[in-house]
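Letters A, B, ... mirror the listed sequences (proteins, then strands); counts begin at 1.
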Amino acid sequence: MKNLELAKIFNEIADILEIQDIQWKPQAYRKAASSIASLSIDIEKIYKKSGLKGLDSIPGVGKHLALKIEEYLKTGKIKAYKQLKKKVPIDLAELTHIEFLGPKKAKRLYKELKIKNIKDLEKAAKAGKIAKLSGFGEKSQQDILEGLGMYKLGKKRALLNIALPIAKEIIQSLNKLKEVKSAEYVGSLRRMKETVRDIDILVISNKPKKVIQTFTSLDNVKKVLAKGPTKASVVLKNNMHSDLRVLKPEEKGAGLLYFIGSKEHNIALRKIAIEKGYKLSEYGLFSRNTGKRIPGTSEKDIYKALSLKYIPPELRENQGEIEAAKKGKIPTLISIKDIKGDFHVHSKWSDGSDSIKDLATTAKKLGYQYLCISDHSKSEKIANGLSESNLLKQIKLIKKLNKNFRGFKLLAGSEVDILADGSLDYPEKILKQLDIVIGSIHSRFKSSKQEMTKRICTALENKHLNILGHPTGRLINQRKPYNLDLDQVFKVALENKKHLELNAFPNRLDLSDTNLKEAIELGLKISIGTDAHSKDQMNYMKFGVATARRGWCQKNHILNTFTLKQLPKYFKKL
DNA sequence: GCCGTTTTCGGCCCGACTGTTTTCAGTCG
């Protein structure tokens, strides 16, 4: 996938053009970069299939940029970019990662101090050279030094299971104030993006001063970055940033829209507003002529005034949801209430920490009808994988426990290793005694694309396998997906009537949102498994559901929404 | 450089906060 490489280059071109005070072009490059970065398919595929015309059909990509993309795909470089870099030999992509340092300041630093990269920047800042520049001063230098520290610390974005509890705690503290009418987390966290950079909060109140004061003096606040009458920005103790905005009650709907984002979604909405003679900002929807507020203060009201169906936050990425809303075709997304079971949990028989009985109790408390115990298979020595005899014992125990349940059933499963040759880690006589077999890759991650694809497809052709576990093997912030022809895997899964897992563990979320969208469009069914290694982790289901929502999944796409009675249609051995 | 039921020119989302200013540019979201 060269999508992200291209997006990065276009963004850097935008920076360089901006430095040269060139108007509008930077915006065009940025827009193209953002739409390329959010493509769900490989840009190379688009080009191979439909050539320049295909590239031209990407929003924000016209004739000229299409040619540049073609050049990059063919030669691996873009001449115009090289020339620009020669002219402005600064590592802008790196430098502008520093908070409060944008292209304009970077240019001045280069002109006056020959600063080209982070290293030069650190040296100059430490030597006190930056403070002496006109227009910079002590504070700017301090900001840069701190930004450098943050850059080193916080290159990685936070996982949802880290960010969400912090956000909820902040919300709770703010909601305690009588001045607060409502406090909600917004931004990418509200859209449940797989990782978030900061925690954005929107408070509705007529007394913003008090709210800002409380927010900036919360226990969890390490440093206050900015503090104005309606807006504040802080660094939390874990080095994440949190931004607060306070709006008035009548501004709530527009405020939520604006702060939930995404930016791309908002830009698209504002353009529709303009077409209709309105102006949309975080304060509301207004008539361009009279400046008067258009009645209605909820998000729904605003969508309605723009002739759009309500769009749930998880879909607001400008990836087709606006077009769908225009046609009134926003799907009814799956919700956590639809979930009737979990297909992937580990007990202390392998590397989990709780007993099967405790896991079952938790499942029943969650209102589930079934829970599939899926411990590791014998090759997974490091995770205490079950020997054949132990697995048989476990199956017996599950059958015994089931006798005591009403309206609830434990399913005897296993997360069976897919071995190097694509075979499964237990012999047929064992596999056929299991209710559900999840096949997963846990070794030889660095195989070639061809090998890995063949290995997984062989497993998918095995009649005992039901679900392909964490299909791409990525670990967010840690490990890239395996080299894999995912289209081929989807195709073979479909042909063999196999299901794909959406592993809900927060550092996996595998399949990803865009993968899921592709999979369900093909007609594949998805099984959400928490991969819980303790009963508490069974709550990770919410991250799975959120990711499914981001992948446009409806109830009927997700196996976990089916009742115990309906399951045999999808799992023959039940 | 892109885009188009005001389409081949002339627009391009909108506003808050900060630092270094003496009216605003730069950055962020």
Side-chain angles (χ1 to χ4, degrees), chain A residues 10 13-15 17-19 21-36 55-69 80 95-109 130-144 147 186-191 196-202 208 212 216 224-234 241-247 251 254-255 257-286 288 306 318:
Chain A
F10 282 179
I13 292 178
D15 281 342
L17 294 170
E18 203 164 312
I19 277 186
D21 282 324
I22 293 168
Q23 299 293 308
W24 308 117
K25 268 197 199 185
Q27 273 187 41
Y29 274 94
R30 276 190 225 288
K31 180 161 193 274
S34 134
S35 89
I36 291 168
L55 297 176
D56 199 9
S57 70
I58 300 169
V61 174
K63 212 171 74 190
H64 290 85
L65 292 188
L67 282 168
K68 289 199 169 70
I69 296 170
L95 285 173
T96 53
H97 262 113
I98 304 294
E99 178 131 61
F100 307 123
L101 183 57
K104 294 275 171 71
K105 282 190 190 171
K107 180 194 177 186
R108 290 212 44 220
L109 290 173
I130 292 174
K132 288 177 192 147
L133 295 179
S134 80
F136 273 87
E138 271 308 326
K139 187 73 176 63
S140 302
Q141 179 166 283
Q142 196 52 36
D143 278 349
I144 286 173
V186 288
S188 52
L189 184 59
R190 181 64 166 270
R191 304 198 309 280
V196 299
R197 205 187 45 184
D198 44 25
I199 293 173
D200 298 318
I201 309 282
L202 175 63
I212 299 276
T216 51
V224 177
L225 293 173
K227 189 176 168 185
T230 64
K231 195 176 159 178
S233 184
V234 301
H241 285 200
S242 182
D243 295 331
L244 168 76
R245 189 66 184 270
V246 187
L247 291 177
E251 296 161 346
L257 272 181
Y258 177 71
F259 291 109
I260 289 174
S262 67
K263 195 177 162 196
E264 288 73 20
H265 181 87
N266 285 337
I267 290 174
L269 287 187
R270 286 180 176 185
K271 283 185 181 158
I272 294 175
I274 291 170
E275 283 166 22
K276 293 191 176 289
Y278 300 142
K279 184 183 77 164
L280 178 61
S281 74
E282 61 262 54
Y283 301 110
L285 185 65
F286 303 94
R288 277 216 174 247
L306 300 177
N318 196 23

Rounding to a whole Å, what distance do you find between [X]:[atom1] and [N]:[atom2]?
X: A:Arg245; N: B:dG15; atom1: CZ; atom2: P; answer: 11 Å
X: A:Lys68; N: B:dC2; atom1: NZ; atom2: C1'; answer: 13 Å
X: A:Glu275; N: B:dG11; atom1: CD; atom2: P; answer: 17 Å
X: A:Arg30; N: B:dC2; atom1: CZ; atom2: C1'; answer: 15 Å
X: A:Lys25; N: B:dC2; atom1: NZ; atom2: P; answer: 9 Å
X: A:Phe286; N: B:dC13; atom1: CZ; atom2: P; answer: 19 Å
X: A:Asp143; N: B:dG19; atom1: CG; atom2: P; answer: 7 Å
X: A:His64; N: B:dC2; atom1: NE2; atom2: C1'; answer: 11 Å

Testing the basics here: between [X] and [Y], what is the closest heavy-atom pair and its distance to 0.1 Å?
X: A:Asn318; Y: A:Ala268; value: OD1-CB, 4.0 Å
X: A:Gly60; Y: A:Ala32; value: O-CB, 3.5 Å
X: A:Gly255; Y: A:Leu202; value: C-CD2, 3.6 Å
X: A:Ile212; Y: A:Pro229; value: CG1-O, 4.0 Å
X: A:Phe10; Y: A:Tyr29; value: O-CB, 3.6 Å
X: A:Leu306; Y: A:Leu285; value: CD2-CD1, 4.2 Å

Requested in this report: Verify, without hydrogens or angle tests, whether A:Arg108 (side chain) and A:Ser134 (backbone) share a donor-acceptor contact under 3.5 angstrom.
Outcome: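 Yes: the side chain of A:Arg108 pairs with the backbone of A:Ser134.
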Can you check the distance between [N] and [M], where both ends of the measurement are the [atom1] atom (answer in whole Å)?
N: B:dT8; M: B:dC3; atom1: C1'; answer: 10 Å
N: B:dT5; M: B:dG1; atom1: P; answer: 23 Å
N: B:dC17; M: B:dC12; atom1: C1'; answer: 25 Å
N: B:dT7; M: B:dG11; atom1: C1'; answer: 12 Å
N: B:dT23; M: B:dT6; atom1: P; answer: 42 Å
N: B:dC13; M: B:dT18; atom1: P; answer: 26 Å
N: B:dA25; M: B:dT21; atom1: P; answer: 14 Å

Query raised in the report: Going by an N to O cut-off under 4.0 Å, is there a salt bridge joining A:Arg30 and A:Glu18?
Result: yes
Requested in this report: State the pairing partner of B:dT8; accept Watson-Crick or G-U wobble contacts with both distances under 3.5 Å, and report none otherwise.
Outcome: none
Quick one: which of [options] gets closest to the side chain of [X]?
X: A:Leu65; options: B:dG15, B:dC2, B:dA16; value: B:dC2
X: A:Ser140; options: B:dG15, B:dA16, B:dG19; value: B:dG19
X: A:Lys139; options: B:dG19, B:dC2, B:dA16; value: B:dG19
X: A:Ile267; options: B:dC13, B:dT18, B:dG1; value: B:dC13
X: A:Ser281; options: B:dA16, B:dG15, B:dG1; value: B:dG15

Protein-nucleic acid N or O pairs under 3.5 Å, nucleotides 24-29 of chain B:
{"residue": "B:dT27", "atom": "OP1", "partner": "A:Gly102", "partner atom": "N", "Å": "2.7"}
{"residue": "B:dT27", "atom": "OP1", "partner": "A:Gly102", "partner atom": "O", "Å": "3.1"}
{"residue": "B:dT27", "atom": "OP1", "partner": "A:Lys105", "partner atom": "N", "Å": "2.9"}
{"residue": "B:dT27", "atom": "OP2", "partner": "A:Lys104", "partner atom": "N", "Å": "3.2"}
{"residue": "B:dT27", "atom": "O5'", "partner": "A:Gly102", "partner atom": "N", "Å": "3.4"}
{"residue": "B:dC28", "atom": "OP1", "partner": "A:Phe100", "partner atom": "N", "Å": "2.9"}
{"residue": "B:dG29", "atom": "OP1", "partner": "A:Arg197", "partner atom": "NH2", "Å": "3.1"}
{"residue": "B:dG29", "atom": "OP2", "partner": "A:Arg197", "partner atom": "NH2", "Å": "3.0"}
{"residue": "B:dG29", "atom": "N2", "partner": "A:Tyr258", "partner atom": "OH", "Å": "2.2"}
{"residue": "B:dG29", "atom": "N3", "partner": "A:Tyr258", "partner atom": "OH", "Å": "2.9"}

Query raised in the report: What pairs with A:Tyr258 under ring-ring contact (aromatic ring centres under 6.0 Å, His included), at least two apart in sequence or on another chain?
Result: none
Considering every strand and a 4.0 Å limit on heavy-atom distances, what is the contact class for [X]: base, sugar-phosphate, or nothing?
X: A:Pro26; value: nothing
X: A:Gln141; value: nothing
X: A:Thr230; value: sugar-phosphate

Report task. Establish, with yes or no, whether the OP1 or OP2 oxygen of B:dC13 is under 4.0 angstrom from a side-chain nitrogen or oxygen of A:Gln27. Result -> yes
Report task. Please step through side chain to side chain contact (heavy atoms under 4.5 Å, CB included) for the pair A:Glu99 and A:His241, ending with a clear verdict. Result -> CA-CA 11 Å; A:Glu99 178 131 61; A:His241 285 200; 2.5 Å; yes
Query - A:Leu95 and A:Leu109, any side-chain heavy atoms less than 4.5 Å apart - result: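 The answer is no; the side chains never approach within 4.5 Å.
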Just the table, please: protein N/O against nucleotides 3-5 of chain B N/O, every pair under 3.5 Å.
{"residue": "B:dC3", "atom": "OP1", "partner": "A:Gly60", "partner atom": "N", "Å": "2.9"}

Report task. Using the closest heavy atom to pick a nucleotide of DNA chain B for each, name whichever of A:Ala232 or A:Ala66 lands nearer the 5' end. Result ->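 The residue closer to the strand's 5' end, by nearest nucleotide, is A:Ala66.
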